[in-house]
Q: 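One structure, pasted below without further comment.
Indexing begins at 1, ligand by ligand and atom by atom, following the structure's order.
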Amino acid sequence: MPNKTQRNWRKEGIVYQIYPRSFKDTTGNGIGDLRGIIEKLDYIKSLGVDIIWLNPIYESPNDDNGYDISDYRNIMSEFGTMSDFDELLKGMHDRGLKLIMDLVVNHSSDEHEWFKQSRSSRENPYRDYYHWWPVEKGKPNERWSYFDVESNAWKYDEQTNSYYLHYFSVKQPDLNWENPKVRKEVYDMMHFWFKKGVDGFRMDVISFLSKDTTFPELPKKYKGDFITYYAEGENIHNYLNEMNNEVLSKYDVMTVGEAPGVTIDNALKFVDEDRNELDMFFHFDLMSLDRSEGEVFMMRKDKWKLSEFRDIFSKWDAVFAKKGWGSLFLSNHDFPRAVSRWGNDSHQYWKNSATLLHTFLLTMRGTPYFYYGDEIGMTNIRFESIEDYRDINTLNKYESLKKEGADLEAFIENEKEAARDNARTPMQWDTTKHAGFTIGEPWLKVNPNHLTRISVKSQEKDQFSVLNYFRRITKIRKENLALIYGEYKVLDSANEQVYAYTRTLENDCFLILLNFSASQVSFSLNSFNPTKLIISNSTVIESDQDNEFLLKPYQASVYKVDNLIVI
Ligand code: GLC
């Protein structure tokens with residue numbers, strides 16, 4: 001049994017991520033709001049999740065939907081007020097749910113008071129809150145930007161005849177973490193939210209905080225790979241350690257860093273319990289699996305293989321086997337829908353593949369994160385026209401390709417699978433107009449499949465629905481510590497159709513069989529007999545051979561193994 005110091009709620013909890021803009025609108029302006037989340041708390045509780053992560057809800061001009069914050073201590077007016085927030089937090093705590101907020105401190109909005117001051121003159125006391133490069137020093141060395149039309153992270157600003165740095169959009173200037181005053185501001189702000197009772201933070205691009213402010217040429221060893229370079233700033237661990245000492249260590253809270261560029265080799269530096277930095281982080285290995293090399297948002301041409309998928313999970317599980325802890329996710333607001341990406345959302349296989357993915361995440365080691373709508377198997381919307389997109393990432397890339405005279409149709413085809421807006425369409429509550437999300441015009445179109453198979457209302461009544469399967473399996477995870485802490489061992493690691501593994505804690509052992517293919521396959525075990533079926537998303541076909549399993553397309557089955565012989 002894991003000892004008391006190892007066991008904790010951050011490891012045992014299941015996280016449910018809400019993109020507030022798209023969850024539930026109570027005012028009719030087409031934008032989700034905090035009162036909408038309050039209305040749905042009983043529903044959320046009924047899913048068997050424990051921790052809610054809210055994407056940013058702070059004051060923002062919404063260049064990047066809240067990831068450009070203009071006031072860290074106020075609520076975005078479209079979402080409600082601070083008293084709505086207080087009520088929401090109380091409503092969660094009353095139900096035994098915890099809340100983690102988004103902490104976006106690599107950059108602020110250019111409409112934040114700090115930046116307004118900073119850009120006003122070279123002598124302003126806030127000047128060093130951001131990274132400036134005066135033109136007298138010549139052109140700054142190249143830095144790559146995610147959302148810039150020219151991919152250029154330096155923006156010239158006439159007012160003080162200098163460039164400022166923005167790894168994301170021009171409206172998201174990077175804060176200067178090398179300045180102790182900036183760090184102090186951030187820590188004070190974190191105390192402000194912790195004193196209100198929030199239970200933790202998901203930390204936006206936290207690996208990017210530390211920068212070499214001489215801005216040298218990209219060192220050769222990074223060969224054009226800016227993301228890895230950004231993640232290896234010299235002082236990153238000093239800052240996280242300081243943040244832990246100054247703030248995190250004073251509360252019983254949870255932290256999960258978003259960590260692009262962090263690799264297996266430096267993973268433990270962030271989460272080794274003895275180093276006092278973070279509890280866990282999101283790596284990007286899986287999210288890059290179906291993307292072209294070096295192109296975060298372009299799909300690769302051939303299809304990913306199950307062996308590649310499995311290797312990523314196995315490698316990362318091994319890293320945290322003794323120290324630290326992992327996080328598990330298949331989707332979020334930056335990537336397409338899980339079932340469309342890792343499963344098969346065709347009419348025939350959608351249901352089995354959605355439940356297979358639930359089975360997978362809930363039987364792996366690490367804290368599982370689900371994105372709103374996953375529980376009912378929401379799918380990519382695949383917009384045909386650029387007019388339907390709202391995300392700055394798609395819109396700016398389109399602009400830049402248009403300037404280059406590139407093939408825009410091919411880009412739209414790419415976006416049907418890759419675009420972030422696929423995952424941001426409104427929650428599908430029922431079968432009425434706009435899926436019960438709003439009585440107004442939704443800010444982003446609702447997926448028409450709410451009319452048929454995908455809505456909470458239609459799935460509530462069906463005991464075999466994706467939703468009710470999700471509820472059953474969250475409960476199973478909670479009741480079995482082996483599924484949370486147990487050792488993970490892969491069976492048949494080269495199989496391109498079946499992902500099979502065991503989870504073992506002392507005498508408790510589970511066997512998990514997942515057919516990731518659209519064909520019926522057989523899978524044989526040679527050394528042990530599972531005794532009891534715990535859950536399956538398909539009726540099990542009995543084989544007449546001992547130790548042979550016949551698995552239907554996208555079948556997921558979990559067995560208890562009583563007498564464990566050597567595997
Ligand atoms: C993170 C967020 C993403 C945002 C970016 C800039 O990657 O998840 O949504 O656009 O940071 O803040």
Q: What do the steps show when you test Tyr230 against Tyr222 for ring-ring contact (aromatic ring centres under 6.0 Å, His included), and what is the final call?
A: CA-CA 10 Å; Tyr230 290 172; Tyr222 296 98; 9.6 Å; no
Q: Which residue owns the protein heavy atom closest to atom 10 (O) of ligand 1, what's the atom, and how far is it?
A: Asp64 OD2, 2.5 Å
Q: Looking at Trp154 and His131, what are the two nearest heavy atoms and their distance?
A: CZ3-O, 4.2 Å
Q: Report the part of Phe147 in contact with ligand 1, treating N, CA, C, O as backbone and CB onward as side chain, heavy atoms under 4.0 Å; options are side chain, backbone, both, neither.
A: side chain
Q: Just let me know how Met203 lines up against ligand 1, side chain, backbone, both or neither, with a heavy-atom cut-off below 4.0 Å.
A: neither
Q: State which residues pass ring-ring contact (aromatic ring centres under 6.0 Å, His included) with Phe168; sequence neighbours excluded, sorted by chain then number.
A: His107, Tyr146, Phe147
Q: Between Tyr389 and Lys397, is there a cation-pi geometry (under 6.0 Å to ring centre, at most 45° from the normal)?
A: no
Q: What protein heavy atom is closest to atom 8 (O) of ligand 1, reported as residue, atom name and distance in Å?
A: Asp334 OD2, 2.5 Å
Q: Looking at Arg420, which atoms of ligand 1 are within less than 4.0 Å of one of its heavy atoms?
A: 3 (C), 4 (C), 9 (O), 10 (O)
Q: With ring centroids as reference points, do Tyr130 and His112 lie under 6.0 angstrom apart?
A: no
Q: I'd like to check the ring-ring contact (aromatic ring centres under 6.0 Å, His included) partners of Phe313; sequence neighbours left out, ordered by chain and number.
A: Phe309, Phe360
Q: Please state which protein non-hydrogen atom is closest to atom 11 (O) of ligand 1 and give its distance, to 0.1 Å?
A: Asp204 OD1, 2.9 Å
Q: Can you list the atoms of ligand 1 that are under 4.0 Å from a heavy atom of Arg202?
A: 2 (C), 8 (O)
Q: Flag this pair as yes if the NZ/CZ of Arg10 is under 6.0 angstrom from the six-membered ring centre of Tyr369 and inside a 45 degree cone about the axis; otherwise no.
A: no
Q: Report, in ascending order of atom number, the atoms of ligand 1 lying under 4.0 Å from any heavy atom of His107.
A: 6 (C), 12 (O)
Q: Specify the protein heavy atom at minimum distance from atom 5 (C) of ligand 1: its residue, its atom name, and the distance to 0.1 Å.
A: Phe168 CE2, 3.8 Å
